[in-house]
Amino acid sequence: MTINLQHEQKHLDAVLKTITAEIDKLHDETTKRKNEVITTRKHFWDEVKINTDTFDDYLETIIGLRQEAQALSVSQSSHRHASNRLSTLKRMEKVPYFGRIDFKEDGTGDYERIYIGISSLSDKDGEDFLIYDWRAPISSVYYDYPPGTAHYVTPSGVIHGHLEKKYQYIIRDGNVDAMFDTSLTIGDEILQQVLGKGTNKQMQSIVATIQHEQNMIIRHDQGRLLIVHGAAGSGKTSAALQRIAYLLYKYREHITAEQIILFSPNSMFSSYVSNVLPELGEENMQQVTFQEYLYHRLGEEFDIEHPYEQLEYILTSSKTPLLQTRKESIQFKASTDFFQTIQAYRKSLEYSGMLFLDITFRNQTIINGQQLSEEFYSYDESTSFSHKLEKLQNWLTKEIKAFQKRERHQAWVQEEMELLSEEDYHKARILLAKKRGYQKEEIADYEVEPTALAYLIVHQRLKPLRNQIHLFEFIDFKGIYTQIFSTSNKIEQWISKKPLLWDQICQSTIDQINAHKLNYEDATPFLLLKEMILGFQTNRSIKHIVIDEAQDYSPFQFEFLKRLFPAARMTVLGDFNQAIFTHARVSSDFNTLSNLYGPEQTALIELTRSYRSTKPIIEFTRRLVENGKDIIPFNRDGDQPALSLVQSFDEQLEAITTKVLQWQDQGYQSIAIICKSAEESMKAFQALSHIQDIKLLKSSSLEYEQGIVVVPSYLSKGIEFDAVIVFDASNEVYGEESLRRLFYTVCTRAMHQIHLFSKGKPSFLLNKPLEEKVIQLSNQS
């Protein structure tokens, strides 16, 4: 069948005409809706008569307020929907559709041409679809089948039929530049063009280049947990974001963007991916880092270590017994063994071990912790743990009330009464009069009773204490957690085997917590124990959570998130070849995750083809990891990776500067100089500050910036660059087996070019690539 571009251009012109007409119509509608919102806000209080004299007046006021608020909400919602649709149509003006299938449903006579784009579009009568949304059921045929027998699933059942042809389009500025007839999921010609472009400040939508295996991820719809394990550059994150867009489309009556949370590795990555959903006409989901959640829950109690601080310590500390203790502590506290330890320990607290803080007022102990403990364990053993805490809380409240009665006769109360300002005395008078049942007009006749005023003063001064009791802040959570690590306790009662360096781990943990500091590996266990004591604070409104860079999460953290979001389904994305945190070195896959919801509720999809980098770069990077032979490179040509040996720091700086300028001349927009640590990054940035517009990316950076950047290895995760320089790939810097995954992560950031520099002997990790000649060796001297 001959492709008739003239006919295709005529069809495109007709579609663009419809889009233009709808844009003009929506322009008028959004303007109208915007004016409605402005007018309603401006005159909101004019329309409501405020009257609270009687209950009926008060009720009428409330009803009036509610009606005006509802009118404003409807206007705002209409304006938002019209604006979102207008934004989508403006994007469709540039590329209305990217694909087409000619499909004949069984039992019908003719093939129907199905054009596929980022959103649906009907003709002016609203009777026929000109374009189908890429998430529509029939669009799955485009991604999943070659010509021949095909089917797709709709809410009313499975539709069978025959796919005759599949086409991909390249459309620019209202013109059909190219059209490909292909039996593949997506023609290599288009994918080559997309991948051959430079990087962008933000991740872009991939709907035009979704592969069959990525489509499986996007439309997967069974079970509680979907695990996506994929090679670097395999499109895990992109597919997950399209998956969110698909879920928002398919379940639009049941789920909103606010009910989906993406756990990102850092704030910079959140900024990097923030454009994808709006590009598809959907609102962004909530984005948060796990560290932000820990800060929210524990930040007032502790100075909490950031995960990157933990990693920086491991990467830069010299080999000492202290470092070995920390590594073993991290690995143990991230394990499911320690999770079970916490559970067993919490169970044991029902019988002994609960610690309470002294209840004090004006430097006077009212009730000491020992009294609270005796009261707690005096309750019948059949009483549940949570009910015991409630009973203790009620008992404490009564004790404070009795103390309040006694305290009103103290000298300090009399002093405060005498020192009350006229304003405070007047406020107290009104308050006491109202308590006695005086009406507004009768308050002037009320005589303040000294006894009542004394009681009021004590009552107000005890308010912070009553709040502490209400929030269970009389429980000594720090003491209870450190008790696990006390030498008087035997951890063997809660776990079968303790770590080798247990005594050193205990002392280190206690020292940190006594200094009001919480190591990152302690933060989640501490919070879990606190939740198990008080009763877990769950969030049932969240329906789906997506965890990116999941290899950086410990089994402990997954268990915690499962309990935190009991109503949510979970999509987990990761690559254990990029597992750079210390706790991950005890594991090599996601097998432990299958126990989270059970095998019957868990699905695993493997992505082995890598699209980000050129074939020469992937041939190099796949030799850096043990299972690299399983990684399949996409056939995109490019320059061979290069390694330069330099003899001095100055020679290294000169060579890097030359390479950066050379790449800039070749048109590369984003060039990353990747260092092992933040410490090395700062040193490199200062030494290379003569390079114009060079930037340093830190863990505190909120936004990914294009251009020339110096960045620590762990902050580059999840981001891609046109060209990458590995600042120092020497054996002195990357000389340990434990750094293999980190080194692989660094090298897989490059799309088009990578150049490694080594001051002295290169890392042993490069031995295999050098032997197999997948990296070009040059000596700068």
Side-chain angles (χ1 to χ4, degrees), residues 202-206 213-214 217-218 220 225-248 257 260-277 280 282 284-294 306-308 311 524 542-555 557-558 560-562 564-565 568-581 583-584 587 589-590 593 596 603-607 610-612 699 701-704 713-720 741-742 744-745 748-749:
Q202 293 178 308
M203 181 180 283
Q204 303 300 300
S205 160
I206 61 161
E213 64 273 18
Q214 292 167 337
I217 296 165
I218 292 165
H220 180 81
L225 173 64
L226 172 63
I227 303 170
V228 180
H229 185 241
S234 57
K236 299 182 294 295
T237 303
S238 297
L241 293 170
Q242 318 298 318
R243 172 167 169 75
I244 293 172
Y246 172 76
L247 293 172
L248 288 171
I260 300 176
I261 293 182
L262 169 64
F263 279 88
S264 301
N266 52 58
S267 299
M268 190 171 66
F269 181 82
S270 297
S271 165
Y272 180 62
V273 303
S274 64
N275 193 53
V276 175
L277 287 178
L280 297 170
E282 299 289 354
N284 251 326
M285 70 265 130
Q286 298 184 62
Q287 291 191 62
V288 69
T289 66
F290 194 80
Q291 181 68 9
E292 286 169 343
Y293 178 74
L294 292 176
H306 194 281
Y308 292 149
L311 190 54
T524 309
I542 299 301
K543 302 303 181 189
H544 205 105
I545 63 174
V546 179
I547 300 174
D548 205 356
E549 302 294 347
Q551 71 278 357
D552 294 341
Y553 286 69
S554 69
Q557 288 170 318
F558 279 115
F560 183 85
L561 288 172
K562 174 188 172 182
L564 181 61
F565 303 109
R569 295 168 69 187
M570 194 183 290
T571 299
V572 167
L573 323 160
D575 175 14
F576 259 95
N577 285 325
Q578 299 180 67
I580 62 176
F581 282 89
H583 67 76
S587 182
D589 54 39
F590 283 129
L593 264 183
L596 202 61
L604 171 64
I605 296 177
E606 295 265 5
L607 298 178
S610 181
Y611 299 96
R612 174 186 297 139
S699 59
S701 299
L702 297 177
E703 189 173 322
Y704 164 59
S713 55
Y714 45 83
L715 274 185
S716 68
K717 291 188 67 173
I719 300 175
E720 54 193 27
R741 292 169 177 174
L742 184 73
Y744 171 79
T745 302
T748 54
R749 300 306 95 204

Under the side chain to side chain contact (heavy atoms under 4.5 Å, CB included) test against Ile542, which residue among Met285, Arg569, Gln286 passes?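 Exactly one pass, corresponding to Gln286.
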
With no hydrogens and no angle check, is any side-chain donor or acceptor of [X] less than 3.5 Å from a backbone partner on [Y]?
X	Y	value
His229	Phe576	yes
Lys236	Ala231	yes
Gln551	Asp575	yes

Rounded at 0.5 Å granularity, tell me how far [atom1] in [X] sits from [atom2] in [Y].
X	Y	atom1	atom2	answer
Gln578	Ser716	CD	OG	8.5 Å
Phe290	Leu561	CZ	CG	5.0 Å
Leu593	Ile547	CG	CD1	8.0 Å
Glu292	His306	CD	NE2	8.0 Å
Leu294	Gln557	CG	CD	7.5 Å
Ile545	Lys543	CD1	NZ	13.0 Å

How close do [X] and [Y] get, heavy atom to heavy atom, and via which atoms?
X	Y	result
Thr745	Asn577	OG1-O, 4.3 Å
Ile218	Tyr246	O-CD2, 3.2 Å
Gln214	Ser234	NE2-O, 3.1 Å
Val572	Ala550	CG1-CB, 3.1 Å
Ala232	Arg749	CB-NH2, 4.0 Å

Parallel, tilted or perpendicular: which one describes the rings of Tyr553 and Phe263, with boundaries at 30° and 60°?
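The rings of Tyr553 and Phe263 stand perpendicular, inter-plane angle above 60°.
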
- Item | Residues that Leu247 engages under side chain to side chain contact (heavy atoms under 4.5 Å, CB included), provided they are two or more places apart |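 Partners of Leu247 under the side chain to side chain contact (heavy atoms under 4.5 Å, CB included) test: Arg243, Tyr251, His544.
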
key: side chain to side chain contact (heavy atoms under 4.5 Å, CB included) involving Ala240 - partner list, sequence neighbours excluded   =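 Partners of Ala240 under the side chain to side chain contact (heavy atoms under 4.5 Å, CB included) test: Val546, Leu573.
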
_salt bridge (charged side-chain N to carboxylate O under 4.0 Å, His left out) partners for Lys717, two or more places apart_ =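 For Lys717, the residues satisfying salt bridge (charged side-chain N to carboxylate O under 4.0 Å, His left out) (neighbours in sequence not counted) are Glu549, Asp552.
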
Pair Leu262, Leu241 - check side chain to side chain contact (heavy atoms under 4.5 Å, CB included), show working. CA-CA 9 Å; Leu262 169 64; Leu241 293 170; 4.3 Å; yes

I would like to know whether Leu248 and Ile260 meet side chain to side chain contact (heavy atoms under 4.5 Å, CB included); could you show each step before the answer? CA-CA 9 Å; Leu248 288 171; Ile260 300 176; 3.9 Å; yes

- Item | Derivation and outcome, side chain to side chain contact (heavy atoms under 4.5 Å, CB included), residues Met570 and Leu596 | CA-CA 10 Å; Met570 194 183 290; Leu596 202 61; 4.1 Å; yes

